[in-house]
2 protein chains.
Amino acid sequence: MPLSREKIAATAIRLADTHGLDGLSLRKIAKELGVGPMRLYDYVINRSELLDLMVDVVHARIAEVDQHSEWRTTILAIAHATRAAALDHEWFSDLLGGRPHLGPHALAVGEATAAALSQAPGVRGIDDLQRALGALNAFIIGAVRREVTERRTTRSTGTDEAAFQASLGPYLTRMLNTGRYPTVARLVIDGAHLNAEETFNHNLTTVLDGITSRPRT
Amino acid sequence: MPLSREKIAATAIRLADTHGLDGLSLRKIAKELGVGPMRLYDYVINRSELLDLMVDVVHARIAEVDQHSEWRTTILAIAHATRAAALDHEWFSDLLGGRPHLGPHALAVGEATAAALSQAPGVRGIDDLQRALGALNAFIIGAVRREVTERRTTRSTGTDEAAFQASLGPYLTRMLNTGRYPTVARLVIDGAHLNAEETFNHNLTTVLDGITSRPRT
DNA sequence: GTATTCGTGGATACATCGTACGGTAGCGAG
DNA sequence: CTCGCTACCGTACGATGTATCCACGAATAC
């Protein structure tokens, strides 16, 4: 059975997609590939490197986004591709931003993002670009993390109100009944469940508007 | 030796501050407290609940921020307190946003944030408030995560240019020399190392400006 | 042909982890 | 005194990442 980093990563991704990072182990990957666990060490230094490799493989998909002549269109496309990738591979949201992402595909995504953002009004030099990239990337990392967490919570507590009430609701209801969290209570009780993709897009636009409305520095 | 959730959490926090989450185990906490590992299960259901408890303890500190009459001052204070907490407890940045944070202190922080943000111009109803909270929290989660990651990278590769060159530099230099990442190369080579706190504040202001400049919906 | 070396691959082992489970000791109530 | 409950710990198990060693087959040298 010929092995390769690509093959190991693809298997790891498949297993992580199904079982999450907690359910992913080198032994399980090896078993799935039909080899002994120590074989993997011919290709990756340790588990951590394997995780980095998996992250870069996901970045390869994000990097396929078309470059547009208009900077904002490109940024929106990259951000949405990142979100889509995170929703397809939820473990990605747990890893994103937790390590420097320096694989070739991650660098390609970084390059496409930076090149587009350097065209944005308000971004007049390299310091501006660094700050703008920081704001955008921070938002994306946080937004996908929160969205995946919310999906997981919904999945584990049930997808309808009755299951929520049975699982998490009693505690939360009790807390909200203390009267100590009136705004949160209003959000929970009265808040509509906003469409996740629209929320992401809306808030991404908010961040980009903030970036482009900055006074020149 | 009388135990309590508070005592267990405080010990866990101390150990995680020193050794990171990877170096934190229930056995080590128990040993530090001078009890058997199974004792901990009288107080926490499992390791996951202990982590949630630790996060809520950190939120207690963030919740101590003074409420101001001016919404933006309050938001800035909460955001900066969150960043400060994450820098003091780097493991916090790995957990933030990865689970619903429903402990009493996290709810208190959420309440203070939501109450202040509901006063912001541009936030006219509960849908606006939900979106604005989403944007702000996403930014904070992502920004502290990235900043802690950068600190860890700097620490592990050395704090000066020479150590960086010896450790990560050869790979990155080789990649940048391919010419495939010209904007990234410019950022790495020419980019000043911006002050982290100023960057956080700048980008936080950027996000808030975006939130308050939105057209009414 | 035989002996030696090298490369590939797997088996075994170790330390560690979270947690299940069972047993014991001490204390308080009846 | 006995019994029940609580606190506590010891033992055990399955699982994990990874170190280390050994066996086997193929290639090379003589």
#### Entry: Heavy-atom neighbours of Asn195(A) CG exceed 12 at 6.0 Å
yes
### Message
Any residue in residues 5-18 of chain B with a heavy atom nearer than 4.0 angstrom to DNA chain D? Just list them by number, or reply none.
### Response
none
### Task
Figure out the CG/C1' separation between Leu51(B) and dG18(C), and round it to whole Å.
12 Å
### Query
For atom CD of Glu49(B), is the number of surrounding heavy atoms from other residues, nucleotides or ligands below 6.0 Å larger than 12?
yes
### Message
What contact category does Arg27(B) fall into here, base, sugar-phosphate, or nothing, at under 4.0 angstrom with non-hydrogen atoms?
### Response
base
### Query
Between Asp17(A) and Arg14(A), does a salt bridge (charged side-chain N to carboxylate O under 4.0 Å, His left out) hold up when you go through it step by step?
CA-CA 5 Å; Asp17(A) 287 348; Arg14(A) 204 161 54 240; over 6 Å; no
#### Entry: Whole-Å gap separating C1' (dA15(D)) and CG (Asp22(A))
13 Å
### Derivation of the side chain to side chain contact (heavy atoms under 4.5 Å, CB included) call for Leu136(B) and Leu117(B)
CA-CA 9 Å; Leu136(B) 176 65; Leu117(B) 205 51; 4.2 Å; yes
### Between P of dT16(D) and NZ of Lys31(A), the distance in whole Å
10 Å
### Query
Among residues 41-48 of chain B, which residues get a heavy atom nearer than 4.0 Å to DNA chain C?
Tyr41(B), Asn46(B), Arg47(B)
### Atom pair distance, as rounded to whole Å: CD1 in Ile29(B) and C1' in dG18(C)
11 Å
### Message
In terms of relative ring orientation, are Phe92(B) and His59(B) parallel, tilted or perpendicular, with 30° and 60° separating the classes?
### Response
perpendicular
### Query
What's the CG-C1' distance between Leu40(B) and dC17(C), to the nearest Å?
13 Å
### Query
Lys28(A) side chain N/O closer than 4.0 Å to the phosphate oxygens (OP1, OP2) of dT16(D)?
yes
### Message
Would you say CD1 of Ile45(B) has more than 12 non-hydrogen atoms from neighbouring residues, nucleotides or ligands within 6.0 angstrom?
### Response
no
### Message
Is Ser25(A) close enough to dA15(D) that one of its side-chain N or O atoms is under 4.0 Å from OP1 or OP2 there?
### Response
no
## Note on the structure
The side chain to side chain contact (heavy atoms under 4.5 Å, CB included) partner of Leu51(A) among Leu21(A), Asp56(A), Asn46(A) is Leu21(A)
### Nearest-angstrom distance from the residue atom CE of Met38(B) to C1' of dG18(C)
8 Å
### Query
Between Tyr171(A) (side chain) and Leu102(B) (backbone), is there a donor-acceptor pair under 3.5 Å?
yes
### Message
What is the separation between atom NE2 on His19(B) and atom C1' on dT16(C), rounded to the nearest whole Å?
### Response
15 Å
### Task
Answer yes or no: is there a donor N or O on one side and an acceptor on the other, between the side chain of Asn203(B) and the main chain of Thr206(B), under 3.5 Å?
no
### Query
Leu24(A) has an atom CG; how far is it from atom C1' of dG17(D), in whole Å?
12 Å
